[in-house]
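Treat the numbers as computed from the prediction; the structure is a model and nothing was measured.
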Amino acid sequence: MEEKRVLVLAKTEYMRTPYDKWLIDSGISPIIVTSARFYDGYAENCEHCYCLSNYDSDDTELYALVDKIYQSIPFHYVFCRAES
C-alpha cells in the first residue's frame, strides 16, 4: 500500500498534538508546518517539519511555503485543527 502524506498546520506544541505518534502504523506520514514557537518540538520528532515565521498573519507566505513543500514532497491531504 502506498504511504499517504498529510500536510498538518500545527498551532499547538508537540506534546499536546504528537501527530507522528498518532499516525504511527496508519500508513500516513505527517508533514508539519508550524510557528517558530512550536517548531523545535516537532522538528525533534517529525521527519518533515517547516517553520513559518508569520504563521498567524501572512497567508501569502503560507501559500508560498505549501506550494514549495508540495513541489518536493507531494501530499494527499491538508489538516488543521483551528480555523485561524
Distance in Å, L65 CG paired with Y50 OH, rounded so as to fall on 0.5 Å steps: 8.0 Å
Same apolar cluster (I L V M F W Y, side chains within < 4.5 Å links), V78/L52: yes
Minimum side-chain heavy-atom gap L62-L9 below 4.5 Å: yes
Ring pair (Phe, Tyr, Trp, His ring centres under 6.0 Å) involving F75 - partner list, sequence neighbours excluded: Y70
Any S53 side-chain heavy atom under 4.5 Å of E61 side chain: yes
Side chain R5, main chain P74, donor-acceptor under 3.5 Å: yes
Interatomic spacing from OH in Y14 to OG1 in T34 - rounded to 0.5 Å: 12.5 Å
Y55-Y63 co-clustered via ILVMFWY side chain contacts under 4.5 Å: no
Gap separating the SG atom of C46 from the CG atom of L23, nearest 0.5 angstrom: 9.0 Å
Over 12 foreign heavy atoms within 6.0 Å of CD, E47: no
Euclidean distance, T17 OG1 relative to Y42 OH, rounded to 0.5 Å: 2.5 Å
Pairs touching residues 20-41 that satisfy ring-ring contact (aromatic ring centres under 6.0 Å, His included), sequence neighbours left out: Y19-W22
Heavy-atom side-chain contact between D67 and Q71 under 4.5 Å: yes
Inter-residue atom distance S29.OG - D20.CG, 0.5 Å rounding: 9.0 Å
Nearest-0.5 Å distance that lies between atom CE in M15 and atom OG1 in T12: 11.5 Å
